[in-house]
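Here the structure is laid out as structure tokens; the discussion comes afterwards.
Nothing here was measured: the structure is a model prediction, and the numbers come from that model. Every chain is numbered from 1, with letters handed out A, B, ... down the list of sequences.
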There are 2 protein chains.
Amino acid sequence: MVTLEDVARHAGVSLATASRVLNGSTRQVGASLRVKVELAAAQLGYRTNVAAQTLARGASNVIGLVVHDLTDPYFAAIADGAMRVAENQGLMVMIGTTHRDPQREIAYVSTLNAQRVRAVLLVGSRVADEQLTRRLREELDRYRETGGRVACVGQDLLGVDTVVPDNRLGAAALARALAGLGHRSFAVLAGPDRLIAPMDRVAGFAGALEELGLPAPLVLHSSFDREGGYAAATQVSGVTCVFAVTDVMAVGALAAFRDRGIRVPEDVSVAGFDDISTLRDLVPSLSTVRLPLAEMGARALEMALAPDEGTGAQVVTGEVILRESTRALG
Amino acid sequence: MVTLEDVARHAGVSLATASRVLNGSTRQVGASLRVKVELAAAQLGYRTNVAAQTLARGASNVIGLVVHDLTDPYFAAIADGAMRVAENQGLMVMIGTTHRDPQREIAYVSTLNAQRVRAVLLVGSRVADEQLTRRLREELDRYRETGGRVACVGQDLLGVDTVVPDNRLGAAALARALAGLGHRSFAVLAGPDRLIAPMDRVAGFAGALEELGLPAPLVLHSSFDREGGYAAATQVSGVTCVFAVTDVMAVGALAAFRDRGIRVPEDVSVAGFDDISTLRDLVPSLSTVRLPLAEMGARALEMALAPDEGTGAQVVTGEVILRESTRALG
DNA sequence: CTGTTAGCGCTTTCAG
DNA sequence: CTGAAAGCGCTAACAG
């Protein structure tokens, strides 16, 4: 294992000089020595020991990313956006997946704190559980007390900089658009009732319907994934339009209707939320609310990295996109 | 910032003792002291400084994962498999995305080496470029010389433990299955000609056709993504069956045919490769060759973590799955 | 511009 | 079972 000291000796300079040329300091080093050091480092195959560097500097070049599930394209897109800015800043990223277990999220914050990462990004809906939220906040506060920076993509419940998709507004806009198509009877595939994002989407949707003087939608709960969408859709009947709170769930719903011999959009219209790009080629193409996922991830990391503790929440509003899965009535 | 020394002082024990109870050593510590230390740590809110630990131990608890693109479900699935085993072993994972730039892959190996990660996993097709491959090998060798472990998911070209999907065999089996359906004229959407995985798939497919005494397929090159599949498909004509070397490209092809008013499978059959789960609900459902993606990622990490430098290559064979996108002729 | 020298926080012999 | 002390490799004053 070649160390900086080896390089310094080999180049006939001091440790400090070698450090200055190899590991970007602001200090200048004379051209001749600089060359010697670089040569020695190359010949010996020197590689900085980042652990030692981190310890000495008291600051690392790593950021932590905590997501629920990387195979869910929603999280993959957000993570990708964040990773691009990390790359541009020369930061490495450490990822943890919670598989939707809030306890794991807390545990990851603790671990990332131990790693002394420069910042941590929490991506994904908060849960409606005071207890859990409080414990997470405590862990985050502990991390922040010692200089850690935190940002979140989700709901503004943690007291940290947050990029918050306006789920209510987006769902409400979607409801109005659907009503504009002539729909009067709706079902909502609502996902689990302990996650806030789906709850907000349901509330926004139902609220808009109420404002329009339309009957309340049939609300069906299930898991937050493709299977949940499928299961919930099997219970749907007597409505002309179904709103699945995520595109991924909408895919499940589409499959369920297909299996039941119910045509979309002829027999029933279906809309989702998120506008997942991998799913844009579905047939029928999915009406949805587009969220700038990658940008949300990027912005969140930028907030976390900003010199001063940002201003709190940055709201992102979705854009309603009507495609083939919803049709005008009458 | 609370240090181990603070804890030790607060508990009235030596640094060594505090270390032994807090950071799993094999040594035993008396019950009374153990309790004191744990209490002190909790009261003070102590968090291990992993950088210091890594430096002192000379070994980290992090593994590195290098993939081309996290938003591509192929890589997400493999990464997920690897991350699950990492989690089980208490390891954190650092991810780098190359965006298909081989230079970046080399750079990441160097960076991960500096981080002194326990192991690095290289996921994705190798490129057909001696020069680049040699440079990557050099970088890997340097890392391995100092105890680093490496495994790869792709082709066995790096002199490291590798999980290799048998692309030729899988594509050949697919070709035979398609010929069995009565198809005689084929086009292959081949992706770029510098990546080995797609080349192998093309070769396997064409080889099987030749063995069957069928005419050689029309081979169309393009980029390795959805857009590439779309672009290549626009040039297809006069064949009854199209093989896209990945499911993601097949999705693009499906879209292109739809836009051209060509029905699948009535007018032309389409098959892909990989069996991406997010794409299972496509209509028509995609015939493909299933690869156990998550398992491949898991196995690769297991090889990298195994006590002894594994046995080289572990071949995984794909399973042909015929669904709705391909139909029997006449 | 260059070198000396104290640490950074933790692990791990080596004694006791 | 417990403690003292010597590093792990690098950075950053501080002095020249």
(message) Let me spell it out: for each of B:Gly12 and B:Arg116, pick the nucleotide of DNA chain D with the closest heavy atom. Which residue's pick is nearer the 5' end?
(response) B:Gly12
(request) Using whole Å, report how far CD of A:Glu5 lies from P of D:dG7. (result) 12 Å
(message) Which nucleotide wins on minimum distance to the side chain of B:Arg20, given the candidates D:dG3, D:dC10, D:dT11?
(response) D:dG3
(request) Counting heavy atoms from C-beta on, name the nucleotide in C:dC10, D:dT2, C:dC8 closest to the side chain of B:Val29. (result) D:dT2
(request) Give a yes or no on whether a salt bridge exists between A:Arg299 and A:Glu295, defined as a side-chain N under 4.0 angstrom from a carboxylate O. (result) yes
(message) Taking the minimum atom-to-atom distance to the side chain of B:Ala56, which one of D:dG3, C:dG9, D:dT11 wins?
(response) C:dG9
(request) Report yes if at least one side-chain N or O of B:Ser14 is closer than 4.0 Å to OP1 or OP2 of D:dT2; otherwise report no. (result) no
(message) From the set C:dT11, D:dG9, D:dC10, return the single nucleotide nearest to any side-chain atom of A:Leu55.
(response) D:dG9
(request) Would you mind reporting whether B:Glu87 and A:Thr97 have side-chain heavy atoms less than 4.5 Å apart? (result) yes
(request) Nearest whole angstrom, please: distance from the C1' of D:dG3 to the CG of B:Leu33. (result) 11 Å
(request) Using whole Å, report how far CD of A:Gln53 lies from C1' of D:dG9. (result) 10 Å
(request) Figure out the CZ/C1' separation between B:Arg57 and D:dA6, and round it to whole Å. (result) 18 Å
(request) Find which nucleotide of DNA chain C each of B:Thr17 and B:Ala51 is nearest to by heavy atoms, and output the residue with the more 5' nucleotide. (result) B:Ala51
(message) Does any part of the side chain of A:His68, heavy atoms only, come nearer than 4.5 Å to the side chain of A:His99, both counted from C-beta?
(response) no
(request) Rounded to the nearest 0.5 Å, what's the gap from CG on A:Leu15 to CD on A:Glu5? Could you check? (result) 5.5 Å
(request) Describe the nucleic acid contact of B:Leu15 in one word from base, sugar-phosphate, nothing, applying a heavy-atom distance below 4.0 Å. (result) base
(message) Nearest whole Å is fine: how far is C:dC8 P from B:Arg47 CZ?
(response) 21 Å
(request) Calculate the interatomic distance between B:Asn23 atom CG and C:dT12 atom P; express it in whole Å. (result) 10 Å
(request) State whether A:Glu139 and A:Arg135 are salt-bridged, where the test is any N-O pair (Lys NZ or Arg NE/NH1/NH2 against Asp/Glu carboxylate O) under 4.0 Å. (result) no
(request) Specify the separation, in whole Å, of atom CD of A:Gln115 and atom P of C:dC8. (result) 21 Å
(request) Just compare D:dT11, C:dC10, D:dG9 and give me whichever is closest to any side-chain atom of B:Leu4. (result) C:dC10
(request) Among the candidates D:dA5, C:dG9, D:dT11, find the nucleotide nearest to the side-chain atoms of B:Asn49. (result) C:dG9
(request) Provide, to the nearest angstrom, the distance between the CG atom belonging to A:Asn61 and the P atom belonging to D:dT11. (result) 11 Å
(request) Give B:Gly58 one of three labels, base, sugar-phosphate or nothing, depending on what nucleic acid heavy atoms sit under 4.0 Å from its own. (result) nothing
